[in-house]
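For reference, the structure is listed below as structure tokens.
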Amino acid sequence: YWGAASDDFWIWTDDGLSIYDFWTDSWSYKNEDNWLSDDDIKEIMKDSVWNIWVATDDWINLYNISTDSWSIVNESNSSLPDEEVLSLIENSFWDVWAWTEDWIWIYDISTDSWTYIDDNNSWLPDEEVTDIIQNSSWEMVIWTEKWLAFYDTVLDTWEIFTKDNSWIAKDDITSVIEASDWKYWIWTSDWVSVFDKINDTWVNYDKENSWLESNHINSVFEYTDGTI
């Protein structure tokens, strides 16, 4: 992770964190022996007020760049459960979204408060979240292997798409991107589905009806000229 703090490289593994200082050509290390709650690091994110969030197999570690200090976010000082934190994202409203196997936890930076989303207080299905992005309409786009959800945090409304109520090609979603034309490219192990949310239309591509060399899709990327 480049530029996490100043001009440092932050390199995370399942055995701790290595930090390379570009200007001094020096390395430092963080693990369970010096501040980290767990050596198995899942994700690193820098928020809008320059805190660095380190998601681990056991809670979140927070590094304050301005004070050069570390703290641990766990059930004793937040509502975060004692679970593996899979990943993190900050949206445009200064909210940090952290998800575990069973919950989505939302930290409001401006109010220093936590809330959560699960299948009991929302339309979120009871499945492990694969990933979350924010789209150009400021909705949170959430997916698991079997469904795709659009959550409007302002209106508190949900739209959920599955193989049963849409034209998603298969129920094993690998990942999702929003292209510059506002269409969503959703890839599974065997197909690519393109969803035009504005016009509510779907197109599915595989090896038989496109120039795809294989039905096994590893990743989708949009180039700067708009080509996929």
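Worth knowing before you read on, the calculation uses all heavy atoms, side chains too, and leaves out hydrogens, waters and symmetry mates. Along the sequence shown, residues carry numbers from 1.
- Contact check for I41 versus L36: side-chain heavy atoms found under the 4.5 Å cut-off.
- Remark: side-chain polar atoms of N165 are paired, donor with acceptor, to backbone N or O of I160 under 3.5 angstrom.
- Neither V192 nor I168 shares a network with the other; the hydrophobic side chains, linked directly or stepwise wherever heavy atoms of I, L, V, M, F, W or Y lie under 4.5 Å apart, form separate groups for each.
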Next on the checklist: side chain to side chain contact (heavy atoms under 4.5 Å, CB included) for I11 and L17? Distances and angles first, verdict last.
Outcome noted: CA-CA 6 Å; I11 304 166; L17 173 66; 5.8 Å; no
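- Side-chain atoms of S137 do not come within 3.5 Å of backbone N or O of E139 as any donor-acceptor pair.
- In terms of hydrophobic clustering, with Ile, Leu, Val, Met, Phe, Trp and Tyr side chains grouped at heavy-atom distances under 4.5 Å, I217 and V203 are assigned to a common cluster.
- Just one residue in the list V194, L148, V176 forms a side chain to side chain contact (heavy atoms under 4.5 Å, CB included) with Y184, and that residue is V176.
- Between T13 and D15, the side chains place no donor N or O within less than 3.5 Å of an acceptor N or O (distance only, hydrogens not considered).
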Item to check | Derivation of the salt bridge (Lys or Arg N to Asp or Glu O under 4.0 Å) call for E178 and K183 | outcome: CA-CA 6 Å; E178 181 188 15; K183 294 178 182 178; over 6 Å; no
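- Side-chain contact between W27 and F9 is absent, with no heavy-atom pair separated by less than 4.5 Å.
- Residues W50 and Y63 form no side-chain contact, since every pair of their non-hydrogen atoms from C-beta on lies 4.5 Å or further apart.
- Tested against Y107, the residues F93, W53, W99, Y116 include a single ring-ring contact (aromatic ring centres under 6.0 Å, His included) partner, W53.
- One side chain, W147 or T144, offers a donor N or O that lies under 3.5 Å from an acceptor on the other.
- With rounding to the nearest 0.5 angstrom, the OG1 atom of T130 is 6.5 Å from the CD atom of E128.
- For Y20, the side chain to side chain donor-acceptor pair (under 3.5 Å) partners at least two apart in sequence or on another chain are D25.
- At a threshold of 4.5 Å between side-chain heavy atoms, the hydrophobic network of Ile, Leu, Val, Met, Phe, Trp and Tyr places W105 and L88 in one connected group.
- The environment of W202 atom CH2 is dense: over 12 non-hydrogen atoms of other residues, nucleotides or ligands sit within 6.0 angstrom.
- The shortest side-chain heavy-atom distance between I72 and L62 does not fall under the 4.5 Å cut-off.
- Listed here is the closest heavy atom pair of K207 and S214: CD-CA, 4.4 Å.
- Counting heavy atoms of neighbouring residues, nucleotides and ligands inside a 6.0 Å radius, atom CH2 of W191 does not exceed 12 of them.
- Side-chain contact between M140 and N91 is present, with at least one heavy-atom pair separated by less than 4.5 Å.
- Annotation: the span from S122 atom OG to I117 atom CD1 amounts to 5.5 Å, rounded to 0.5 Å.
- Hydrophobic cluster membership differs between W182 and W138, with clusters built from Ile, Leu, Val, Met, Phe, Trp and Tyr side chains linked at under 4.5 angstrom.
- Shown here are the side chain to side chain donor-acceptor pair (under 3.5 Å) partners of D33, two or more places apart in sequence or in another chain: there are none.
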Item to check | side chain to side chain contact (heavy atoms under 4.5 Å, CB included) assessment of V73 paired with W114 | outcome: CA-CA 11 Å; V73 180; W114 288 84; 3.5 Å; yes
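- Between the side chains of T201 and N199, not a single donor N or O lies within less than 3.5 Å of an accepting N or O.
- N121 pairs by the side chain to side chain donor-acceptor pair (under 3.5 Å) definition with nothing, not counting sequence neighbours.
- One distance of note links NZ of K30 with CG of N61; it measures 10.5 Å at 0.5 Å rounding.
- The closest side-chain heavy-atom distance from S193 to Y205 is not below 4.5 Å.
- With contacts defined as side-chain heavy-atom distances shorter than 4.5 Å, the pair D118/I104 does not qualify.
- Every residue two or more places apart in sequence or in another chain that forms a side chain to side chain donor-acceptor pair (under 3.5 Å) with Y151 is listed here: D156.
- Note that OG1 of T100 is 10.0 Å distant from CD1 of I60, once rounded to the nearest 0.5 Å.
- For CD of E145, the number of neighbouring non-hydrogen atoms (other residues, nucleotides, ligands) closer than 6.0 Å is 12 at most.
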Next on the checklist: Between Q134 and S92, is the side-chain hydrogen bond (donor to acceptor under 3.5 Å, both in side chains) condition met? List the steps.
Outcome noted: CA-CA 8 Å; Q134 186 178 33; S92 300; 3.0 Å; yes
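- S180 has its side chain within reach of E222: a pair of non-hydrogen atoms, C-beta onward, lies under 4.5 Å apart.
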Item to check | Candidate pair W94 and D47, rule side chain to side chain contact (heavy atoms under 4.5 Å, CB included), full reasoning | outcome: CA-CA 8 Å; W94 283 25; D47 67 24; over 6 Å; no
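- Using modelled atom types, one side-chain atom of N209 and one backbone atom of D206 make a donor-acceptor pair closer than 3.5 Å.
- Side-chain atoms of D8 do not come within 3.5 Å of backbone N or O of W10 as any donor-acceptor pair.
- Residues Y223 make up the rest of the hydrophobic cluster containing F221, defined by ILVMFWY side-chain heavy atoms closer than 4.5 Å, directly or through other members.
- With values rounded to the nearest 0.5 angstrom, T56 atom OG1 is found 4.5 Å from D38 atom CG.
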Checklist entry - Please walk me through it: do D57 and D39 pass side chain to side chain contact (heavy atoms under 4.5 Å, CB included)? => result CA-CA 8 Å; D57 196 46; D39 287 344; over 6 Å; no
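- Both L212 and V220 belong to a single network of hydrophobic side chains, linked directly or stepwise wherever heavy atoms of I, L, V, M, F, W or Y lie under 4.5 Å apart.
- When only modelled atom types and interatomic distance are considered, N64 and S66 share a side-chain donor-acceptor pair under 3.5 Å.
- Here OG1 of T188 is found 12.0 Å from NZ of K146. Values are rounded to the nearest 0.5 Å.
- Legend: residues meeting ring-ring contact (aromatic ring centres under 6.0 Å, His included) with W185, ordered by chain and number and at least two apart, are absent.
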